[in-house]
Amino acid sequence: MSFADLGLNESIVKAVLEKGYDQPTPIQAQAVPAVIEGRDVMAAAQTGTGKTAGFTLPILHNLARGNKAKANCVRTLILTPTRELAAQVHDNVVMYSQYLPLKSAVVFGGVKINPQMQKLRQGVDVLVATPGRLLDLFSQNAIKFSQLEVLVLDEADRMLDMGFIRDIKKILALLPAKRQNLMFSATFSEEIKTLAKGLVNNPVEVSVSAPNTRVRSVEHSLYAVDKKQKAPLLIKLIKENNWFQVLVFTRTKHGANKLTKQLEAEKIVAAAIHGNKSQGARTKALAGFKDSSIQVLVATDIAARGIDIDQLPYVVNFDLPNVSEDYVHRIGRTGRAGAQGQAVSLVMSEEFKQLKDIERLIKELIPRKTMEGFTPVNKLPESKLDTRPFKAKKPKKDKVEHKDGQRSSENTRGNKPVSKNRRHRAKAGSNTVKQAPRVS
Ligand code: AMP
């Protein structure tokens with residue numbers, strides 16, 4: 001099947017072909033015709049499946065046929081949880097609409113609001129936004145929704161995890177009732193289903209049910225290692241294997257900064273990306289990582305969410321995540337589009353519990369490797385596969401990270417940090433487990 005077979009406008013097909021895609025991914029093949037038809041869509045899809053083009057292409061197709069946006073009006077609103085994802089989605093919109101007379105903009109917190117207000121003044125056909133900044137702009141009369149035709153919630157599960165439910169509800173209340181709704185989520189917890197019920201109308205359900213092909217292209221492994229030896233082991237792995245474009249996950253912002261310094265001391269060009277970094281620093285780090293001038297990007301989970309880099313070859317779990325599903329999300333960054341990827345975890349004995357939970361979730365034991373000179377003093381016990389159904393746990397009470405996309409003045413405006421119950425994760429259940437095979 002080709003993109004033209006999906007009924008897309010020639011100008012869009014041209015842009016897509018120029019990007020080098022020769023055929024639609026499964027999610028695109030399912031979502032594009034449904035969206036063109038004007039149906040609501042509920043899609044189970046993670047980053048890496050081609051979901052962004054799956055909703056962007058048909059939206060652009062439909063917008064090209066309608067009336068132009070009036071001053072301050074927005075015809076399509078795409079909500080994303082993080083600034084980075086918003087920027088990436090917008091880059092896609094710009095690329096796919098390059099041969100169409102459509103206007104688009106992206107707005108998120110952490111940068112000046114005035115240029116965004118100016119951009120909106122002329123009206124835009126597509127606006128990509130994080131929830132907090134969108135509400136700020138609305139409260140300053142910079143946006144009107146009277147012409148809104150389509151709403152997209154991208155990574156809806158992450159939006160809930162990050163405590164955006166109240167903002168989303170506020171936004172929904174501002175939109176015209178008659179509109180097309182598209183919802184994308186990697187997992188479908190009860191909370192997501194409840195949100196969907198109030199949002200989508202008789203939706204076409206789209207699911208990329210067997211992403212196993214992608215999965216096979218990710219090679220997992222772990223090294224049992226003492227805490228103090230983690231950084232030296234990572235440095236050795238990077239240097240000996242000549243790893244480039246390595247995305248390293250740490251659990252905390254402090255850990256990310258510390259590791260970045262250790263790498264730099266070894267002449268490895270690295271940058272940290274987390275919620276305490278300014279938007280400018282984050283954008284610069286991401287750009288440097290994409291053009292390979294930065295060899296290693298050290299990130300916390302929230303900051304890394306939605307980072308889309310083609311065929312990212314190496315993902316390292318410097319710390320195992322407390323929430324097992326995050327392992328699946330982290331690994332989702334590698335081995336894309338059929339390219340081989342490596343996911344390497346450095347695991348100390350204190351992380352055995354997290355390891356067991358992850359292996360139970362992904363239904364396999366992660367193969368163990370050893371490196372001479374790094375045998376741990378504190379032995380990591382051998383794991384046995386726990387075949388009981390996976391039960392997701394609430395995350396431990398970590399320090400709350402800066403909420404991407406939340407308005408920059410969040411604390412002064414009385415927005416409370418995300419509380420335990422707002423942060424709650426996808427519940428265990430067949431749906432959650434269904435998503436897990438991406439890495440099994
Ligand atoms: P996404 O799931 O939207 O984050 O997309 C993941 C990656 O797949 C992006 O880098 C896209 O550029 C790429 N992509 C999207 N659609 C296709 C396609 N039909 N063929 C090949 N690559 C694609």
Side-chain angles (χ1 to χ4, degrees), residues 1-9 12-33 35-36 41 43-61 78-98 104 106 126 128 152-159 182-187 206-211 213-215 217-218 245 247 286-287 289-292 297 304-313 315 328-341 435 438-439:
M1 186 193 281
S2 70
F3 279 98
D5 295 337
L6 292 177
L8 288 164
N9 175 316
I12 298 173
V13 174
K14 183 175 174 201
V16 166
L17 294 180
E18 277 180 15
K19 174 79 181 152
Y21 308 161
D22 42 18
Q23 59 181 43
T25 63
I27 191 116
Q28 291 161 3
Q30 294 177 63
V32 170
V35 178
I36 289 182
V41 168
Q46 288 183 328
T47 304
T49 52
K51 68 181 168 73
T52 316
F55 60 79
T56 309
L57 302 179
I59 287 175
L60 294 173
H61 174 93
I78 303 174
L79 287 177
T80 73
T82 65
R83 301 160 184 179
E84 280 78 15
L85 185 60
Q88 277 166 18
V89 170
H90 184 245
D91 287 348
N92 279 276
V93 170
V94 170
M95 183 173 60
Y96 301 137
S97 63
Q98 62 184 301
S104 64
V106 57
V126 182
V128 188
V152 182
L153 275 194
D154 194 11
E155 302 208 352
D157 49 351
R158 288 289 139 195
M159 295 226 213
L182 315 177
M183 183 166 154
F184 289 76
S185 190
T187 53
V206 171
S207 148
V208 199
S209 53
T213 42
R214 182 181 313 282
V215 170
S217 64
V218 181
Q245 280 211 315
L247 178 59
L286 201 55
F289 189 56
K290 282 189 176 183
D291 71 19
S292 292
L297 191 64
R305 193 77 57 220
I307 287 180
D308 164 33
I309 294 156
D310 284 347
Q311 305 172 359
L312 189 59
V315 167
V328 180
H329 284 288
R330 290 178 177 187
I331 303 309
R333 325 265 120 226
T334 185
R336 293 194 174 158
Q340 178 80 21
Q435 304 305 322
R438 278 177 59 80
V439 294

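As the structure lists them, so they are numbered: ligands from 1, and atoms in each ligand from 1.
Across all non-hydrogen atoms, the minimal contact from Ser104 to Val93 is CB-CG1, 3.8 Å. The shortest non-hydrogen separation linking Gly54 to Ala31 is O-CB, 3.9 Å. Shortest non-hydrogen contact noted between Gln245 and Ser292 is CG-OG, 4.0 Å. Closest of all the heavy-atom pairs between Ile36 and Pro58 is CG1-CB, 3.7 Å. Leu247 and Phe289 get closest at one heavy-atom pair: N-CZ, 4.0 Å.
At least one heavy atom of Gln23 sits less than 4.0 Å from an atom of ligand 1.
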Walk me through whether Val206 and Ile27 qualify under side chain to side chain contact (heavy atoms under 4.5 Å, CB included). CA-CA 7 Å; Val206 171; Ile27 191 116; 3.7 Å; yes

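Close approach of ligand 1 to Thr25 is summarised as follows: ligand atoms under 4.0 Å from at least one heavy atom of the residue are 17 (C), 18 (C), 19 (N). Listed by number with element, the atoms of ligand 1 under 4.0 Å from a non-hydrogen atom of Thr49 are 2 (O). Counting atoms of ligand 1 from 1 in the listed order, those under 4.0 Å from a heavy atom of Thr52 are 1 (P), 3 (O), 4 (O).
Looking at ligand 1, you'll find an N or O of Gln28 within less than 3.5 Å of one of its N or O atoms. Of the N or O atoms in Tyr21, one or more lie within a sub-3.5 Å distance of an N or O in ligand 1.
Of the options Gly50, Ala53, Gly20, Ala45, the smallest heavy-atom separation from atom 5 (O) of ligand 1 is shown by Gly50.
Proximity of Phe184 to ligand 1, defined as any heavy-atom pair under 4.0 Å, is not found for any part of the residue.
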